[in-house]
Amino acid sequence: MSENKQELHTEQIRINQVIEKMKSELALLEQQTSTVKSDILSIRRNFWEDVTVNMDDAVEAGETATSIKQQAEFLSEREHRHKHLHKDVKNLRRLVETPYFARIDFKEDGEQDIERIYLGIASFLDNESDEFLVYDWRAPISSLYYDYSLGPAKFTAPGGTVTGELQLKRQFIIKDGIIEGMFDTGLTIGDELLQEVLGKQSNAQMKSIVATIQKEQNKIIRNEKGKLLIVQGAAGSGKTSAALQRVAFLLYKYRETLNAEEIVLFSPNPMFNSYIRNVLPELGEENMQQTTFQQYLEFSLGDSFHVEDPFSQMEYMLTAQHEQDYEVRKKSAKYKSSIQFLHVVEQYLTHLSNENLVFQDIVFRNEVVISTLEISDYFYSLDKQLSITNRVKLTATWLLSELKKLEKSERKKEWVEDEIQYLDKEEYQFYFQKLSKQKRFSQDTFDDFEREQEQLSIYVVKRALSPVIKKIKRLDFLNMKAIYQQLFTLNQNDLHLTISPITNLDWQEICQYTSKHLNNNHLPYEDATPYLYLKEMIEGFKVNTSVKYVFIDEAQDYSSFQFAFLKHLFPNSRFTVLGDINQAIYAHHSHTGIEVLKNLFNGESIETIKLTRSYRSTKQIIEFTSAILEKNEEIEPFNRNGQKPIILEKNDENEIIAQIVDKIKNNSTYKTTAIICKTQKEANRVFDLLKDSIEVELIDKRSNQFDSGVVIIPAYLAKGIEFDCVILFNASYEQYGSEETRNLFYTACTRAMHELLIFYTMEATPFLANIPEELYINKTKIEG
């Protein structure tokens with residue numbers, strides 16, 4: 001038997017032994033889980049039978065409360081125990097299938113013995129020997145595998161830095177307990193293992209493969225220095241995967257003080273949330289909070305406006321070039337996304353502190369009981385040294401006290417007596433029970449007519465005033481729509497702007513455009529964040545201090561204003577932002593967002609990590625897509641070969657459709673194929689042309705998930721997702737002729753893992769002109 005076969009045999013024997021121990025432990029855990037579950041069901045079923053209830057006097061009532069508390073605490077302890085056992089069972093079941101993926105041999109300085117360390121998705125301790133048979137990939141010692149080649153190495157343990165020599169690095173491919181591949185390497189991850197993993201078909205959900213974490217990705221995962229961590233990475237460089245593994249690492253390292261609810265991820269769209277939902281559960285952790293910035297805006301403003309989403313804004317920018325307001329809208333979107341406009345809003349707040357805050361009348365029974373003028377006079381009579389927020393709160397308190405006076409004066413009015421007369425039996429009984437509970441009456445009926453009328457008058461007026469009181473408590477006496485709209489009636493001089501990036505004429509055009517939309521109760525996407533910021537600064541910013549970590553994916557598409565808002569919203573959080581400036585598809589935004597974010601963390605530690613190696617696509621696709629970019633970017637392809645991208649010229653869309661149908665019907669090797677269109681409008685049309693010929697799914701902004709198969713999707717919704725095969729529907733000059741669409745075209749092409757086909761009619765996009773011909777196959781020339 002050769003040395004290699006002997007090693008393989010020895011490793012297989014160890015795996016068999018480890019699996020047997022795991023199965024024994026699993027059986028024990030499953031039995032304990034079942035027992036604890038039975039305890040919980042029994043406690044819930046018999047809760048009140050096991051509690052002594054006696055309310056005869058204060059002592060007995062106190063003992064009853066103590067008994068209930070003890071029973072509730074016992075139930076809580078059992079539920080907590082069950083949760084942890086259930087998690088351990090899930091981890092062990094995964095380990096039984098694949099106990100580990102790597103082995104490292106480490107000789108610590110000053111020690112004679114070499115320690116063999118096996119790495120898996122979770123730790124496994126042998127209770128008999130009290131030693132770890134498998135180490136969690138997030139354990140401090142596991143960083144040796146990711147960060148070092150053979151030779152001197154070190155890791156940071158709880159007790160300090162441990163130095164030594166890494167003498168072996170071995171990688172396994174294990175399926176159902178059988179070693180299918182074993183590689184010894186001096187590099188972090190051997191090409192053989194990566195080739196095995198990356199060459200597979202895509203799935204409808206992202207998979208987390210901790211065995212293939214690279215050294216530069218490991219820096220992201222284990223980074224603990226920066227209050228702000230910026231990850232700039234090429235398409236397919238593993239940014240999102242590293243971010244999710246970072247979440248898993250944080251939950252592991254700080255498991256006593258951090259839970260998943262204290263981490264929030266802002267992702268590009270709801271469909272992307274579906275795409276990544278299995279990653280953390282596969283690593284044995286609960287999912288963090290996941291949302292989109294748009295969902296937050298709609299939650300905060302949806303009751304007041306129709307809030308435009310970024311995809312509708314994007315669709316407008318890509319399809320409405322010939323509309324009258326297009327250029328003004330473009331200027332407006334860019335300006336309102338900038339940090340300069342944040343300064344405009346802040347100057348406006350200073351202006352409002354002195355004058356022009358807009359209020360609404362307090363109306364009761366269709367009559368104005370407190371006018372806007374009275375509210376304004378009171379507000380501006382308060383000390384101007386106080387913030388607007390504090391003065392608004394004091395004004396609300398004053399309004400409630402005025403309503404108290406009103407309440408007393410209303411009781412004697414004729415309408416109150418009429419209301420009492422028309423009380424039905426149920427209402428009468430309801431009020432009587434309330435009064436009885438307050439011990440104002442002790443008999444079965446009201447015992448005095450005058451007292452009856454007096455008490456019922458109180459309740460009738462309170463009931464009538466209740467909606468008004470609620471509105472005041474919600475600060476609805478502020479006319480926020482009018483306050484925001486008023487900003488666009490002022491000239492730049494009124495705001496005392498020392499420097500403005502736009503002309504007075506541009507400002508006037510923006511003001512007219514904005515007012516028109518606000519009058520229609522429509523809040524354009526570029527206005528949503530400034531409006532909410534102004535609202536929060538007036539009413540009181542609802543900061544979130546419970547979230548400890550904020551993750552922002554596709555950060556290049558966030559504006560400076562949005563970053564400033566998020567920093568305000570999560571003042572104590574550590575931020576991890578991930579992006580690729582080459583995929584900044586919102587060309588109308590100001591692309592200084594990341595720089596602004598850095599300035600917001602001025603004086604705090606900031607870490608920047610750049611990922612230049614791309615793993616998603618074949619070498620041929622990466623070389624082709626890199627050449628699309630205007631600047632020579634340092635994008636290093638992983639050496640996984642495939643066919644070159646294919647460019648096909650067709651006479652019209654009907655020919656493209658026929659070719660796609662033929663391609664799909666005669667090629668069933670791929671799990672996921674995307675037909676990427678420039679816009680949703682084009683995607684809808686292509687779907688109508690294809691749906692009767694092939695099985696295909698249309699993706700739009702409302703889609704929450706997609707399954708394996710063929711999808712039609714606009715380019716801006718495909719961000720962050722990968723497909724085995726990408727068919728770019730029509731890369732003509734008409735579609736991708738302007739420089740502003742370069743990044744959109746690049747983004748679409750970089751979604752392809754194994755195959756990329758680009759169709760066009762008439763004249764091709766100019767972005768193909770400078771790509772060396774040896775990087776793609778021109779089917780038109782071949783067929784010609």
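These values consider heavy atoms only, across backbone and side chains, with no hydrogens, waters or symmetry-generated copies. Remember, it's a predicted structure, so these values are computed and weren't measured experimentally.
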Donor-acceptor under 3.5 Å (Gln12 side chain, Ile179 main chain): yes
Salt bridge Glu11-Arg103, side-chain N to carboxylate O under 4.0 Å: yes
Ion pair Lys239/Asp580, N-O distance below 4.0 Å: no
Contacts of Tyr135 that satisfy ring pair (Phe, Tyr, Trp, His ring centres under 6.0 Å) - sequence neighbours left out: Phe132
Cationic N near anionic O, under 4.0 Å, Arg751 to Glu722: no
Check: Glu108 main-chain N/O paired with Glu111 side-chain donor or acceptor under 3.5 Å: no
With sequence neighbours excluded, residues passing salt bridge (Lys or Arg N to Asp or Glu O under 4.0 Å) with Glu285: Lys87, Arg138
For Glu165, all residues meeting salt bridge (Lys or Arg N to Asp or Glu O under 4.0 Å), sequence neighbours excluded: none
Contacts of type ring pair (Phe, Tyr, Trp, His ring centres under 6.0 Å), residue Tyr100, not counting sequence neighbours: Tyr118, Phe172
Nearest atoms (heavy-atom pairs only) where Leu597 meets Val577: CD2-CG1, 3.7 Å
Side-chain donor/acceptor of Ser626 to backbone N/O of Glu623, under 3.5 Å: no
Student check: side-chain heavy atoms of Glu755 and Asp724 closer than 4.5 Å: no
Working for side chain to side chain donor-acceptor pair (under 3.5 Å), residues Gln32 and Glu30: CA-CA 5 Å; Gln32 290 176 355; Glu30 286 174 337; over 6 Å; no
Short side-chain to backbone donor-acceptor contact, Thr98 and Ile174, under 3.5 Å: yes
Lys227 backbone acceptor or donor facing Ser605 side chain under 3.5 Å: yes
Partner set under side chain to side chain donor-acceptor pair (under 3.5 Å) for Asp553, not counting sequence neighbours: Thr240
Non-neighbouring partners of Lys23 that pass salt bridge (Lys or Arg N to Asp or Glu O under 4.0 Å), sequence neighbours left out: none
Please list every donor-acceptor pair under 3.5 Å in which a side-chain atom of residues 544-551 meets a protein atom from a residue at least two apart or in another chain.
| unit_1 | atom_1 | unit_2 | atom_2 | d |
| --- | --- | --- | --- | --- |
| Asn544 | OD1 | Ser546 | N | 3.0 |
| Asn544 | OD1 | Ser546 | OG | 2.8 |
| Asn544 | OD1 | Val547 | N | 3.1 |
| Lys548 | NZ | Thr257 | O | 2.7 |

Any residue meeting salt bridge (Lys or Arg N to Asp or Glu O under 4.0 Å) with Arg255, in chain and number order, not counting sequence neighbours: none
Carboxylate-amine/guanidinium contact Glu216 Lys610, below 4.0 Å: no
Full working for side-chain contact (heavy atoms from CB on, under 4.5 Å) between Val696 and Val711: CA-CA 6 Å; Val696 63; Val711 299; 5.8 Å; no
Side chain to side chain donor-acceptor pair (under 3.5 Å) against Lys253, all qualifying residues, sequence neighbours excluded: Glu224
With sequence neighbours excluded, residues passing side chain to side chain donor-acceptor pair (under 3.5 Å) with Thr618: none
N/O donor-acceptor pair under 3.5 Å between Gln620 side chain and Gly642 backbone: yes
Heavy-atom side-chain proximity of Met753 to Phe723 below 4.5 angstrom: no
Cationic N near anionic O, under 4.0 Å, Glu7 to Arg170: yes
His754 side chain near Ser617 side chain, heavy-atom distance below 4.5 Å: no
All side chain to side chain donor-acceptor pair (under 3.5 Å) counterparts of Lys719, not counting sequence neighbours: Asp557
Audit row: Leu133, Arg14, side-chain contact (heavy atoms from CB on, under 4.5 Å) steps and yes/no: CA-CA 10 Å; Leu133 299 181; Arg14 184 187 190 274; 4.1 Å; yes
Within residues 232-257 or reaching into it, pairs that qualify as ring pair (Phe, Tyr, Trp, His ring centres under 6.0 Å) - sequence neighbours excluded: none
Exam field: side chain Arg94 to backbone Glu282, donor-acceptor pair closer than 3.5 Å: yes
